[in-house]
Structure formats: C-alpha cells, structure tokens
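To start, the structure itself, in structure tokens.
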Amino acid sequence: MPRAVRVSGSTTTLYCSGMTPADREYRAVHVGDLRAQYEQVKADCGMVLDEAGADWSDVVSVRTYVRDMDAFVKLHREGLTSVPGDAGKPPCSTVIEVSRLSDPDFLVEMEVVAVIPDE
C-alpha cells in the first residue's frame, strides 16, 4: 500500500463525498452486516466513478470510516474485504474508526478521490 500517490499532467480531480450503505430513500441496507455494507458502499462508489467517466484505476485515495475496527480488520485478514482500486497501482488508503455515522445502522462510509486524465 503506497504512502503517497503522485499525479502530474493534465487531469481532472473527482472528490466523492462519503458513500453510505443506503437505498434511494437513505435507509440503511444490510443492517448489522459489515461485509455486505462494505461491498454495497464499494459498488455505489463504483457507480459514481462510472457516471463521472472514471473507474477504480483512476482512484488515488480511499478513506474508509468504520464503526468497529476490530470487525473490519478481521474481515480484511480473512480476505473478505479489499481496498478498492487497481491492484497494479493501489490508492493511498486510510481506515478510521468512528463512534457513529449519520445513521446508527450504518457500519461503514467511504470517500474516494479519483484523478482522471484529460483527453
């Protein structure tokens, strides 16, 4: 996992606000299931990237907020979670434990920053 990612050249930067495991009415999905919520958040981030003309290979930074670090680390060690991004050039990544997210049923939230080469 890199500690820094250098970006140069003509690019556009996309900042995605915190994505939560919610449906269109902002109700929590997969309540109580950290892994399912994490996968939902990754999928939702992927859709936002796609809408912006980007994909995970353009992501340079991922910040993940979790309610239970021990549970998240356990899932990660068991290979049940992975840092999203391009395996060949992974993004910088930070995981932060928080006491609460915007809905008490949210167990995870993710922010991504992507750098998209200008055409």
(request) Using only heavy-atom distances, determine whether the side chains of Y26 and S102 contain a donor-acceptor pair under 3.5 Å. (result) yes
(message) Using side-chain hydrogen bond (donor to acceptor under 3.5 Å, both in side chains), reason through D118 and T12 one step at a time and then give a plain yes or no.
(response) CA-CA 6 Å; D118 289 339; T12 298; 2.6 Å; yes
Nearest heavy-atom neighbours spanning [X] and [Y]:
{"X": "P91", "Y": "S61", "answer": "CB-N, 3.7 Å"}
{"X": "D105", "Y": "A28", "answer": "CB-CB, 3.5 Å"}
{"X": "D33", "Y": "A36", "answer": "OD1-N, 3.0 Å"}
{"X": "I96", "Y": "M69", "answer": "C-CE, 4.0 Å"}
{"X": "W56", "Y": "V112", "answer": "CZ3-CG1, 3.8 Å"}
{"X": "H30", "Y": "Q40", "answer": "NE2-OE1, 3.4 Å"}

(request) Could you walk me through whether V59 and V113 pass side chain to side chain contact (heavy atoms under 4.5 Å, CB included), step by step? (result) CA-CA 6 Å; V59 173; V113 177; over 6 Å; no
If you measure from [atom1] on [X] to [atom2] on [Y], what distance do you get to the nearest 0.5 Å?
{"X": "D58", "Y": "L49", "atom1": "CG", "atom2": "CG", "result": "7.5 Å"}
{"X": "S17", "Y": "E111", "atom1": "OG", "atom2": "CD", "result": "7.5 Å"}
{"X": "L75", "Y": "D70", "atom1": "CG", "atom2": "CG", "result": "11.0 Å"}
{"X": "D44", "Y": "D23", "atom1": "CG", "atom2": "CG", "result": "10.0 Å"}
{"X": "D103", "Y": "R27", "atom1": "CG", "atom2": "CZ", "result": "11.0 Å"}
{"X": "D68", "Y": "E97", "atom1": "CG", "atom2": "CD", "result": "6.0 Å"}

(request) For side chain to side chain contact (heavy atoms under 4.5 Å, CB included), just list the numbers for L14 and C16, CA-CA rounded to whole Å, side-chain angles, deciding distance to a tenth of an Å, and then say yes or no. (result) CA-CA 6 Å; L14 175 70; C16 298; 3.9 Å; yes
In terms of hydrophobic clusters joined by side-chain contacts under 4.5 Å, are [X] and [Y] together?
{"X": "F72", "Y": "V31", "answer": "no"}
{"X": "I116", "Y": "V62", "answer": "yes"}
{"X": "V41", "Y": "V95", "answer": "yes"}
{"X": "L34", "Y": "L101", "answer": "no"}

(message) Heavy-atom count check: over 12 atoms from other residues, nucleotides or ligands less than 6.0 Å from Y15 OH?
(response) no
(message) So R63 and M110, do their side chains get closer than 4.5 Å, heavy atoms only?
(response) no
(request) Check whether any side-chain N or O of Q37 sits under 3.5 Å from a backbone N or O of L107 as a donor-acceptor pair, and report yes or no. (result) yes
(request) Look only at the side chain of R67 and the backbone of P104, and say whether a donor-acceptor pair between them is shorter than 3.5 Å. (result) yes
(message) With a 6.0 Å cut-off on the ring centroids, do Y65 and F106 count as close?
(response) no
(request) Please lay out, stage by stage, how V108 and T64 fare under the test side chain to side chain contact (heavy atoms under 4.5 Å, CB included). (result) CA-CA 7 Å; V108 61; T64 306; 3.6 Å; yes
